[in-house]
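Below is one structure; the comments refer to it alone.
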Amino acid sequence: MARPVDVPALVAGVRDGRRAAVARAITLVESTLPAHRAAARELLEAVAVPGSLSSTRVGISGVPGVGKSTFIEALGTRLTAQGHRVGVLAVDPSSVRSGGSVLGDKTRMLKLAADPHAYIRPSPAAGTLGGVARATTQAMLVLEAAGYDVVLVETVGVGQSEVTVAGMVDTFCFLTLARTGDQLQGIKKGILEIADVIAVNKADGELLGESRGAARELSGALRMVYRGSERWIPPVLTCSALEESGVDEVWAEIARHRDHLGPEGLTHKRAGQQLDFMWALVRDELSERLRRSPGVTAIRDEVRAAVLAGQLAAPLAADRILAAYDADQR
Ligand code: GDP
């Protein structure tokens, strides 16, 4: 039996910005225990300020090794020095699959981790990507309630997790390298569609010239692709997270993107994200119910064997599964 949660005390602690309370609140919203989920809802209802645009939510993405944590460390410490309070969250698809993690490494971002005005939380360790996204979205609300006005959500550049993170932030920033092998083709088309700001990192030392060239090339290509359209054309910058050069410029472009949206655009964007999030939660819950359905459990192995043996066509098999599920509801 889970210990009952003192929600009002937790709410007060979060509002005061107490780190221990923030940590406990995030653990609560990450929990999948039914008792915790009820308490988490109560907590979020008490702390969330609907319609508030006071925080800046930014996604930071790129392949492992591109320099995400170095960049976040450089950006985060600059922002806290300017008086911001910075929260860092992570959506790590490797932790979803294996329980291991690419992003969770405790030795990363040492300076920012020690900064009293920053709060770093590794990716929730398990569950589905949907579950991790739900936890992260709610952790973001906790951080905002605790006074963190900039929330950076880090994710690794592998497909669906980036789309997921793009769906929870105001501005999505993609880090890349000059030497991605085949230059433009090295960046998946899907990324360009969701990126609001692109930065070619490691623009230092002998890679400086090549990085600037790559940025120019990509910038030109993007302008061609979007020529004549009204949409925001992602700017392409160079930076060196290691030498902390160009980092302010990337932040300035993030701010410019936010200005471009304007309060109305941002409200609209966040409302759309809420709607998508609602359906994602519904789908998540439905697949969970499907998994728990006694009727489905009773026939699952048999149907699976029949499909694998080629004796039952997939559409018919799906009908049988759904019929078993529906029968449970009656
Ligand atoms: P992540 O996996 O994307 O989080 O990448 P890290 O931030 O851990 O960086 C991977 C490696 O690249 C580390 O050895 C960093 O020191 C190095 N690195 C990160 N940013 C830069 C940069 O701007 N220039 C150079 N030369 N190296 C960098």
Side-chain angles (χ1 to χ4, degrees), residues 58-80 86-98 100-115 118-125 132 136 150-166 169 171-181 183 186-188 191 194-216 218 235-254:
V58 180
I60 308 276
S61 156
V63 296
V66 72
K68 292 180 295 300
S69 50
T70 311
F71 180 83
I72 291 172
E73 170 115 316
L75 176 63
T77 46
R78 271 149 196 275
L79 292 173
T80 58
V86 178
V88 180
L89 300 170
V91 171
D92 184 347
S94 67
S95 73
V96 170
R97 278 199 305 276
S98 64
S101 90
V102 178
L103 299 176
D105 181 0
K106 290 265 163 37
T107 59
R108 300 156 79 247
M109 303 184 226
L110 287 176
K111 251 196 297 173
L112 202 56
D115 189 327
Y119 187 92
I120 301 176
R121 180 85 177 185
S123 177
V132 169
T136 305
V150 176
V151 180
L152 306 175
V153 185
E154 177 184 13
T155 195
V156 182
V158 280
Q160 193 52 38
S161 71
E162 292 176 318
V163 176
T164 301
V165 169
V169 297
T171 301
F172 189 80
C173 178
F174 182 68
L175 299 181
T176 185
L177 297 174
R179 283 185 188 156
T180 47
Q183 297 284 5
I187 301 177
K188 289 162 284 169
I191 295 299
I194 55 174
D196 299 305
V197 175
I198 298 169
V200 179
N201 190 38
K202 306 198 186 182
D204 49 43
E206 57 179 32
L207 276 181
L208 182 58
E210 206 176 321
S211 302
R212 287 189 177 146
R216 258 197 312 276
L218 183 53
V236 186
L237 294 87
T238 54
C239 67
S240 168
L242 198 62
E243 296 181 350
E244 303 198 18
S245 64
V247 175
D248 290 329
E249 286 76 3
V250 173
W251 181 251
E253 287 301 315
I254 290 168

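When a ligand or atom number is given, it counts from 1 through the structure's own listing order. Side chains included, hydrogens not; waters and symmetry mates left out as well; all remaining heavy atoms used.
Heavy atoms of Asn201 found under 4.0 angstrom from ligand 1 belong exclusively to the side chain. Here Asp204 has side-chain heavy atoms under 4.0 Å from ligand 1, and that is the only part of it that gets that close.
In this structure, Gly62 does not count as a contact residue of ligand 1, since none of its heavy atoms falls inside 4.0 Å of the ligand. For Gly205, the closest heavy-atom approach to ligand 1 does not fall below 4.0 Å. Using a 4.0 Å cutoff on heavy atoms, Leu207 does not count as a contact of ligand 1.
In the model, Ser61 has a side-chain atom that pairs as donor or acceptor with a side-chain atom of Glu162 under 3.5 Å.
Taking only nitrogen or oxygen atoms, main chain and side chain alike, Phe71 does not reach within less than 3.5 Å of ligand 1. Considering backbone and side-chain atoms together, Cys239 places no N or O closer than 3.5 Å to any N or O of ligand 1.
Under the side-chain hydrogen bond (donor to acceptor under 3.5 Å, both in side chains) criterion, Thr171 pairs with His257, not counting sequence neighbours. Partners of Glu249 under the side-chain hydrogen bond (donor to acceptor under 3.5 Å, both in side chains) rule, at least two apart in sequence or in another chain, do not exist in this structure.
Annotation: the span from Leu89 atom CG to Glu154 atom CD amounts to 10.0 Å, rounded to 0.5 Å. Distance check, rounded to the nearest 0.5 Å: CD1 of Ile120 to CD of Glu73 gives 7.0 Å.
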